[in-house]
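Here the structure is laid out as structure tokens; the discussion comes afterwards.
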Number of protein chains: 4
Amino acid sequence: MAADIPPAETQPAETQPAETQPAGTQPTKAPPAASRSAKPLRADAARNRAKVLDAARDVFAELGTGASTEEVARRAGVGIGTVFRHFPTKESLLEAVLGEILAGFAEQAKARTGAADPGGAFFDFFQLVVGESATKNAVSAELAGAGIDIAAGRADVRQELRGALGVLLTRAQEAGVVRADVGLGEVLALLAGTSQAAGKLDVATRARVLDVVFDGLRSQPS
Amino acid sequence: MAADIPPAETQPAETQPAETQPAGTQPTKAPPAASRSAKPLRADAARNRAKVLDAARDVFAELGTGASTEEVARRAGVGIGTVFRHFPTKESLLEAVLGEILAGFAEQAKARTGAADPGGAFFDFFQLVVGESATKNAVSAELAGAGIDIAAGRADVRQELRGALGVLLTRAQEAGVVRADVGLGEVLALLAGTSQAAGKLDVATRARVLDVVFDGLRSQPS
Amino acid sequence: MAADIPPAETQPAETQPAETQPAGTQPTKAPPAASRSAKPLRADAARNRAKVLDAARDVFAELGTGASTEEVARRAGVGIGTVFRHFPTKESLLEAVLGEILAGFAEQAKARTGAADPGGAFFDFFQLVVGESATKNAVSAELAGAGIDIAAGRADVRQELRGALGVLLTRAQEAGVVRADVGLGEVLALLAGTSQAAGKLDVATRARVLDVVFDGLRSQPS
Amino acid sequence: MAADIPPAETQPAETQPAETQPAGTQPTKAPPAASRSAKPLRADAARNRAKVLDAARDVFAELGTGASTEEVARRAGVGIGTVFRHFPTKESLLEAVLGEILAGFAEQAKARTGAADPGGAFFDFFQLVVGESATKNAVSAELAGAGIDIAAGRADVRQELRGALGVLLTRAQEAGVVRADVGLGEVLALLAGTSQAAGKLDVATRARVLDVVFDGLRSQPS
DNA sequence: TATGAATGAGCGTTCATTCAT
DNA sequence: CATGAATGAACGCTCATTCAT
């Protein structure tokens with residue numbers, strides 16, 4: 001029974017401790033990942049880029065990835081040309097949005113890699129992701145769906161996420177909290193599937209779904 | 001803990017189990033939509049309807065729901081006008097495809113409602129759905145995603161599925177194989193999520209993911 | 001001096017004998033070159049195809065090949081979709097227009113291959129082409145310019161034209177009227193160049209330019 | 001015959017031969033457009049103007065006049081704003097490029113006006129122009145095509161060229177080398193047409209084409 | 001003055017849907 | 001009824017031109 005091992009800090013999370021401060025401390029700060037092409041980017045340009053990215057996230061979450069680029073421009077309050085200046089392709093825009101979300105998750109995962117309670121850290125992170133996805137529906141669908149292919153350009157971010165999540169998983173397994181016969185692939189699939197499903201569930205049902213998945217992931221007391 | 005949250009509103013769904021009406025014995029046959037307008041439909045017209053529906057299933061599974069209606073017509077070997085005669089809207093075509101899939105699942109579920117081994121029946125059905133979805137990728141995405149909204153017109157089929165699955169679930173719970181604190185809503189969500197995720201997984205990983213979910217669903221031995 | 005060899009029938013051609021009946025007896029008749037894909041093409045579809053082709057010729061001649069496809073549709077009195085149904089690409093439309101012109105020329109050339117006066121036939125044809133190009137300006141520019149590359153799909157038509165013109169040339173050379181040291185390539189280049197230049201010349205100047213070129217092409221009396 | 005049509009209006013063009021003003025000794029230098037607005041133009045500004053003009057010539061020759069202004073800026077190593085500061089319109093940039101080319105030709109023509117061998121000078125110049133155009137394809141297309149209209153603003157340069165070429169022609173005719181019944185208009189047309197055609201010809205063919213045209217232009221020995 | 005970010009009209013093209021054949 | 005040609009709104013994207021920095 002799941003109740004045996006008190007998943008205290010992770011389970012009752014629908015009181016949303018982590019969700020209060022969303023992944024990615026500043027949603028879209030000025031010099032976004034200066035690592036890419038060393039272009040400092042003028043102040044106003046950076047501001048516009050952020051506006052577009054934010055609008056894109058909202059629009060795609062709300063209307064699906066089929067939403068028009070014009071709608072993104074409108075919502076961002078810029079001309080269509082501006083959107084295409086920053087993201088020369090609709091695909092690249094989608095990629096950037098997804099990349100940002102993944103980066104946020106990677107950050108959260110990394111922040112937990114050294115946690116004193118490895119099991120708690122693992123389940124906490126899992127729940128955080130599912131919770132966020134529930135809000136940003138369509139985008140999370142992309143995460144699980146075509147997104148995973150679309151974000152080809154963000155291989156780096158994905159690797160980061162995989163790396164950090166891998167650490168979380170291994171430590172939880174070493175601590176005997178998570179069963180030893182699952183790998184990163186299984187966890188990612190469960191994460192994606194659960195996130196996807198969580199989108200249209202009420203909080204209570206979501207909690208129970210998570211409870212099932214978590215129980216399945218836990219080491220059998222046997 | 002999740003265990004003490006009564007899944008009240010989702011559970012009672014199986015209060016209306018299997019509908020009396022046999023609902024489409026052969027997946028793609030003559031007048032399955034008899035529920036809407038009692039038009040007998042000339043033999044060749046019915047044949048065309050079936051051809052279109054089959055083609056649509058293939059096309060959308062292969063190319064995604066963004067595939068053009070023309071492509072469906074081409075694949076079905078009929079004119080575009082014929083497609084629109086039978087399904088006046090692309091959405092209605094999508095709905096019909098999804099409805100057919102759901103009907104197939106409902107049938108499978110019903111076939112297992114009287115099984116001697118209730119637990120086996122339940123997990124067997126779950127696995128069957130996930131396996132099928134893994135092949136028909138795009139459609140399964142629809143199942144889990146927009147599909148759930150799109151199939152609004154097929155409330156009857158959905159009810160049938162819910163009914164039969166409800167029976168399967170209840171019996172498995174009564175047999176003590178499936179934990180008592182999950183309801184139909186949770187199971188459907190897990191089914192959808194797992195199906196969705198299964199699409200891009202190799203068989204071995206898929207098996208392991210299912211194993212986790214099944215373990216989570218099982219009554220804890222404790 | 002050009003006057004020596006009376007180029008009578010060809011020279012005074014500004015009295016336009018040939019131009020009265022333009023190349024291609026019926027400008028764009030219904031089943032356009034049934035040789036291509038054996039599709040009979042419904043009556044109204046053929047009519048529209050012709051309307052589009054005619055409009056395209058006019059529009060491109062008037063506004064240059066940069067003219068918008070919408071303008072062609074407008075001028076043809078059809079929807080934009082109709083243009084694209086018949087010519088799935090702007091390039092294919094350009095190609096078709098050019099192809100039609102070339103086909104007309106090929107036809108004219110062939111009609112003269114058996115002429116009793118080989119020299120007259122050759123110069124007559126040359127003049128005809130230049131005269132037509134003078135009217136259909138921009139398109140002729142294409143003929144001479146990028147057109148020659150653009151019409152890649154109409155290699156057959158070009159071969160036909162080259163073949164017939166080759167006959168005309170050879171016979172004129174055998175008759176001792178055209179100098180022996182020029183080949184098809186030179187003649188085509190002169191044809192293209194002269195056509196191109198003729199576009200913005202008044203009739204008198206055009207006649208004198210042709211006179212110069214013809215004199216250059218004639219066998220030196222020496 | 002063409003011979004008896006006096007080319008009256010075209011011939012008189014050489015009544016205003018070579019302008020007194022030396023007109024741009026080095027193709028791309030400081031204030032050649034001094035004719036328009038007597039702005040001395042700061043040294044660096046002049047340098048930028050020249051860089052842009054050079055880049056534009058290359059870009060348009062290489063990519064056609066459809067090439068983007070951004071590409072010109074990039075190639076010139078300046079910002080897009082700078083291009084538009086010097087040439088407020090793409091058309092004006094095209095005009096300037098063409099003007100420069102024409103100015104170069106005018107210069108070459110003037111340099112030959114006093115040649116000891118008037119016939120040689122004339123044909124030499126003709127060949128030079130055709131040869132240059134063969135390399136700078138797209139621009140030569142402009143010369144012969146829209147260019148003739150586009151360069152409306154450079155009437156001065158065109159007059160210069162016409163003047164000098166008029167002198168070349170008249171002297172060659174007076175020397176009995178070029179037939180007397182052609183005027184400036186005819187020669188310019190032949191020049192344009194031949195240049196245009198030369199673009200896509202191999203050297204040997206080009207030579208033969210020129211040979212034909214030159215023979216046509218020569219006084220018949222008879 | 002030079003820069004390059006912003007703008008938006010316009011383009012080629014697609015596709016769900018309608019309607020004459 | 002079936003057909004497929006016609007339609008036109010909408011989309012992704014480009015580029016000449018403007019304007020804040």
Side-chain angles (χ1 to χ4, degrees), chain A residues 39 41-49 51-52 66-73 76-93, chain B residues 41-42 44-45 48 52 66-74 77-93, chain C residues 39 41-49 51-52 66-73 76-93, chain D residues 41-42 44-45 48 52 66-74 77-93:
Chain A
K39 283 261 197 76
L41 211 51
R42 247 204 275 163
D44 57 344
R47 200 163 30 250
N48 269 344
R49 205 195 116 98
K51 281 199 296 186
V52 168
S68 87
T69 315
E70 288 252 13
E71 178 61 28
V72 172
V78 304
I80 189 55
T82 301
V83 175
F84 278 94
R85 161 170 284 269
H86 290 291
F87 308 96
T89 272
K90 188 186 178 179
E91 194 181 323
S92 76
L93 178 55
Chain B
L41 217 49
R42 262 171 39 185
D44 58 341
N48 269 345
V52 168
S68 83
T69 315
E70 285 258 9
E71 178 61 28
V72 172
R74 191 156 34 245
V78 303
I80 231 276
T82 302
V83 175
F84 275 89
R85 163 166 297 275
H86 288 293
F87 308 95
T89 274
K90 189 186 182 180
E91 195 182 324
S92 74
L93 177 55
Chain C
K39 282 261 198 78
L41 210 52
R42 247 205 278 163
D44 58 343
R47 199 160 34 247
N48 269 344
R49 204 195 118 97
K51 280 200 296 187
V52 168
S68 86
T69 314
E70 289 251 12
E71 177 61 28
V72 172
V78 303
I80 188 57
T82 301
V83 175
F84 277 94
R85 159 171 285 267
H86 288 292
F87 307 96
T89 273
K90 188 185 180 179
E91 195 183 322
S92 76
L93 178 55
Chain D
L41 217 48
R42 263 171 37 183
D44 59 341
N48 268 347
V52 168
S68 84
T69 316
E70 285 258 11
E71 178 61 28
V72 172
R74 190 156 35 245
V78 304
I80 229 276
T82 303
V83 175
F84 275 89
R85 164 167 298 274
H86 288 293
F87 307 95
T89 273
K90 189 186 180 178
E91 194 182 323
S92 75
L93 177 55

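Just so we're clear, the structure is a prediction, and the values are computed from it rather than from any experiment. Order of the sequence lines sets the chain letters (A, B, ...), proteins ahead of strands, with each chain counted from 1.
Whole-Å rounding puts the Phe87(C) CZ to dA6(F) C1' distance at 15 Å. Rounded to an integer number of Å, the gap from NE2 of His86(C) to C1' of dT7(F) is 12 Å. Here dA9(F) presents its C1' atom at 16 Å from CD of Glu71(A), a figure rounded to the nearest Å.
Residue Ser68(A) is in sugar-phosphate contact alone, with no base atom involved, counting any heavy-atom pair closer than 4.0 Å across all strands shown.
Taking CG of Asp44(A) as the reference point, atom CZ of Arg47(A) lies at 6.0 Å (rounded to 0.5 Å).
Remark on DNA chain F: of its neighbouring residues Gly79(B) and Gly77(C), the 5'-side contact belongs to Gly79(B), judged by nearest-heavy-atom nucleotide. Mapping Val83(D) and Ala67(B) onto DNA chain E via the closest heavy atom, the residue that lands nearer the 5' end is Val83(D). Nearest-nucleotide positions on DNA chain E place Gly66(C) closer to the 5' end than the other of Gly66(C) and Gly66(B).
For Arg74(B), the salt bridge (charged side-chain N to carboxylate O under 4.0 Å, His left out) test picks out Glu71(B), with sequence neighbours left out. Checked against salt bridge (charged side-chain N to carboxylate O under 4.0 Å, His left out), Glu70(B) has no partners two or more places apart in sequence or in another chain. Take Phe87(D) and apply the side-chain contact (heavy atoms from CB on, under 4.5 Å) test, not counting sequence neighbours, and it matches Arg49(D), Val52(D), Leu53(D), Ser92(D), Leu93(D), Ala96(D). Considering only residues two or more places apart in sequence or on other chains, Thr69(B) meets the side-chain contact (heavy atoms from CB on, under 4.5 Å) condition with Ile80(B), Val83(B), Phe84(B), Lys90(B).
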In dot-bracket notation, what is the pairing pattern of DNA chain F, taking Watson-Crick (N1-N3 plus N6-O4 or O6-N4) and G-U wobble (N1-O2 and O6-N3) contacts under 3.5 Å, with [ ] crossing and | for other strands? .||||||||||||||||||||
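Here the nucleotide nearest the side chain of Arg85(A), chosen from dC1(F), dT1(E), dA5(E), is dA5(E). Residue Thr82(C) places its side chain closer to dT7(F) than to any other of dA2(E), dT7(F), dC1(F).
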Pairs: protein N or O with nucleotides 17-21 of chain F N or O, under 3.5 Å:
{"unit_1": "dT17(F)", "atom_1": "OP2", "unit_2": "Lys90(D)", "atom_2": "N", "d": "2.8"}

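Within the structure, every side-chain polar atom (N or O) of Asn48(D) is placed at least 4.0 Å from both OP1 and OP2 of dT1(E).
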